[in-house]
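Throughout, protein chains are lettered first and strands after them, A, B, ... in sequence-line order, and every chain is numbered starting at 1.
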Amino acid sequence: MTEKEKEATLPAKKDFSEWYNELLQVAEIMDVRYPVKGLYVWYPFGFTIRKNVYNIIRELLDRDHMETMFPLLIPEHEFMKEAEHIKGFEDEVYWVTHGGTSPLDVKLALRPTSETAIYPMYKLWVRSHADLPLKLYQVVNTFRYETKHTRPLIRLREITSFKEAHTVHATWEEAAEQVDEAIRIYTEFYKRLAVPVLASKRPDWDKFPGADYTIAVDALMPDGKTLQVGTAHHLGDNFARTFDIKYENPAGEQVYVHQTCYGVSERSIAALISIHGDDKGLVLPPEVAPIQVVIIPIVFKDSSDVIHACEKVQQLLQDAGIRVKIDLSDDRPGAKYYRWEMKGVPLRLEIGPRDLKNGVAVLVRRDTGEKRQAPLENISHETQETLEVIQSALFEKAVADVQARIFTCSSLEDVKEKLPEGIALLPWCGDKACGLQIEEKIGAGILGIPTGQEEGHKGQCPVCGKDASVKVYVARKY
RNA sequence: GGGGCCGUAGGGUAGCCUGGACCAUCCUACUAGACUGGGGGUCUAGUGACUGGAGUUCAAAUCUCCACGGCCCCA
């Protein structure tokens, strides 16, 4: 087969958009053929990745959050309570208007997010300072009527996997601390996916509708655009006043609570796939790979001892807690290599008659292609160790890539030149008018002020020329 | 928000402008069998499609309109 024909299976990664769409299909993540715009179907293989990814976020949250589940439908009068919130979402809400053939007296919204479903109940649940803090989360689907270009896992009409946490605190300061904690949790979560993220405080005009402020984490995609993959919002007492959520403090006074909410979605999986994948297909970090090791028996006529050896190895690996599969299909070995490379299996193990004679197996890393022999006698230890090496190698490589694509700039021309590659760091005076002009002049967005940045003299604002005390991330956004 | 292009087996294409028969064609995929087997195998025999609706017509994959879906450009 010629090189050209091989490429026909999957476009090169440098053609990122085509590569992404095709990969979802060929690697069996999502089937994009569902006949409604913006809705897609999880293949079982993709869904297993999802399961593994969400197990991690659950593990992290379950340390001090409780999982819950609220209804999908929100009555109109609750949804319409918070003015800012409505303004932010009204254009993208689906409404249920009929029960059978009869019009409903009260229209029901399909949640675009769940604040207005949850907070009427929080009003009932929160009575005293002893009830606080309250930290709940749920993993649910949400609906947004996107009119722009929809894209699987990234811009959806049904977000199938929205993990949203909603916390209640006694004071504004405690809530602020929870927002920081949320960002720490997300950073750890993404590290487990081997995805480096940048945290920044969103500018005021880009915060969550109804929030005091928003801190978000972004991932840098291969095409140089950033993908917002997690947000944490300080809601102040805005929703508490709207939904009348109060507690009795030790002094016996009724006071409004302070709240936060924070979420991640299947965009996490979009980032995971895009950042690590290559021209041959998926590259999955061992943590989330549905199959961590695939064993390819190299069989000739009558080579039942090869099969037996493979089964024995499979058993050993399974006992060590490794997700392992033997490919016994009657394809040629080469065809199997390509198939499992497409599926992103981190480690391939080849065993043939030649290896048996030598008492070894051939180990092939998916991320580097590196091939080496390992003795069969301590195969499970070798495998385990290699998987760990791959996991951290993927993260380190991704971190280095992001670092190399953040550019310190001082002028708008400079930013324009650098943006196709990645992210710019630019001084900004903090004035909204200047910020909007920056965005307009370079045709990109201000992500925000990097968290942890110390204020001080950072140069001149490229618009008004005044002294700037902060630098902001600027990037082309999804 | 405005404009343009497109929709043919599971996937990729030809045919459409200029309506017509025949099993519509090729690559791939899938099914069955045989030979094979250390990087996408070969042969044989099969399976499978004109997005949906309305209109024009003796006749529609082809022309017209609407819907749904996809892609691109501009703001």
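Taking the ring axis of A:Phe143 as reference, the NZ or CZ atom of A:Arg157 does not stay both within 45° of it and closer than 6.0 Å to the ring centre. In this structure, A:Lys163 forms no cation-pi arrangement with A:Tyr54, as its terminal cationic atom is not both closer than 6.0 Å to the ring centre and no more than 45° off the ring axis. Judged by a 6.0 Å distance limit and a 45° cone about the ring axis, A:Arg155 is not positioned over the six-membered ring of A:Tyr478.
B:C50 sits 10 Å from B:U62 when the C1' atoms are compared, rounded to a whole Å. For the P atoms, the distance from B:U36 to B:U42 is 16 Å, rounded to whole Å. Taking the P atoms as reference points, B:C23 lies 29 Å from B:U18, given to the whole Å. Separating the C1' atom of B:C22 from that of B:G40 is a span of 36 Å, rounded to the nearest Å. Atom P of B:C68 sits at a distance of 35 Å from the matching atom of B:U25, rounded to the whole Å. Only the C1' atoms considered, B:G11 is 31 Å distant from B:G20, to the nearest whole Å. One P atom belongs to B:G12, the other to B:G55, and the distance between them is 31 Å to the nearest Å. The P atoms of B:C66 and B:U31 are separated by 43 Å, rounded to the nearest whole Å.
A:Lys301 places its NZ atom 14 Å from the P atom of B:G38, with the value rounded to the nearest Å. Distance CD1 (A:Ile296) to P (B:G40): 13 Å, rounded to an integer number of Å. At whole-Å resolution of the value, CG in A:Asp327 and C1' in B:G39 are 14 Å apart. At whole-Å resolution of the value, CD1 in A:Ile298 and C1' in B:G38 are 5 Å apart. Distance A:Asp330 CG to B:U42 P: 14 Å, rounded to the nearest Å. In this entry the distance linking CG of A:Leu363 with C1' of B:G38 reads 15 Å, nearest Å. Summarising the geometry, the separation between CZ on A:Arg348 and P on B:G40 is reported as 12 Å, rounded to the nearest angstrom. Atom NZ in A:Lys343 sits about 16 Å away from atom C1' in B:G40, given to the nearest Å.
Atom CG in A:Asp204 sits 9.5 Å away from atom CG in A:Asp212 (nearest 0.5 Å).
At B:G40, none of the side-chain N or O atoms of A:Arg339 fall inside 4.0 Å of OP1 or OP2 (strictly under the cut-off). When the side-chain nitrogen and oxygen atoms of A:Lys336 are compared with OP1 and OP2 of B:G39, none of them lie within a distance under 4.0 Å.
Enclosure of atom NZ in A:Lys81 by more than 12 non-hydrogen atoms of other residues, nucleotides or ligands within 6.0 angstrom is indicated.
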Can you check each nucleotide of nucleotides 68-75 of chain B against protein heavy atoms at under 4.0 Å and return B for base, S for sugar-phosphate only, - for none, in 5' to 3' order?
-> -SSSS---
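Among all heavy-atom pairs drawn from A:Lys416 and A:Lys441, the shortest one is CE-O, 3.2 Å.
With 3.5 Å as the limit, one finds no donor-acceptor pair spanning the side chains of A:Glu82 and A:Thr116. Judged by distance alone, the side chains of A:Glu78 and A:Tyr119 never bring a donor and an acceptor atom under 3.5 Å apart. There is no side-chain donor-acceptor pair under 3.5 Å between A:Gln25 and A:Asn21. Using modelled atom types, one finds no donor on one side chain facing an acceptor on the other under 3.5 Å when comparing A:Arg323 with A:Thr48.
The aromatic ring of A:Tyr337 is not stacked on the base of B:G39, since the criterion of ring centres less than 5.5 Å apart with planes inclined by under 30° is not met.
Checked by distance alone, A:Glu341 brings a side-chain donor or acceptor within 3.5 Å of a matching partner on the base of B:G39. Side-chain atoms of A:Asp331 stay outside donor-acceptor range of the base of B:G37, with no qualifying N/O pair under 3.5 Å. Evaluation of atom-type donor-acceptor distances gives no pair under 3.5 Å for the side chain of A:Arg33 against the base of B:G11.
Nucleic acid contact class of A:Arg151 (heavy atoms, under 4.0 Å, all strands): none. In this structure, A:Val26 reaches neither bases nor backbone, as no heavy-atom distance under 4.0 Å exists between it and the strands shown.
Every stem involving RNA chain B, taken as at least 3 paired positions in a row under the Watson-Crick or G-U wobble test at 3.5 Å, is listed here: B:1-7 with B:68-74, B:10-12 with B:26-28, B:29-35 with B:41-47, B:51-55 with B:63-67.
Relative orientation of the A:Phe208 and A:His233 rings is parallel, given thresholds of 30° and 60° on the angle between their planes.
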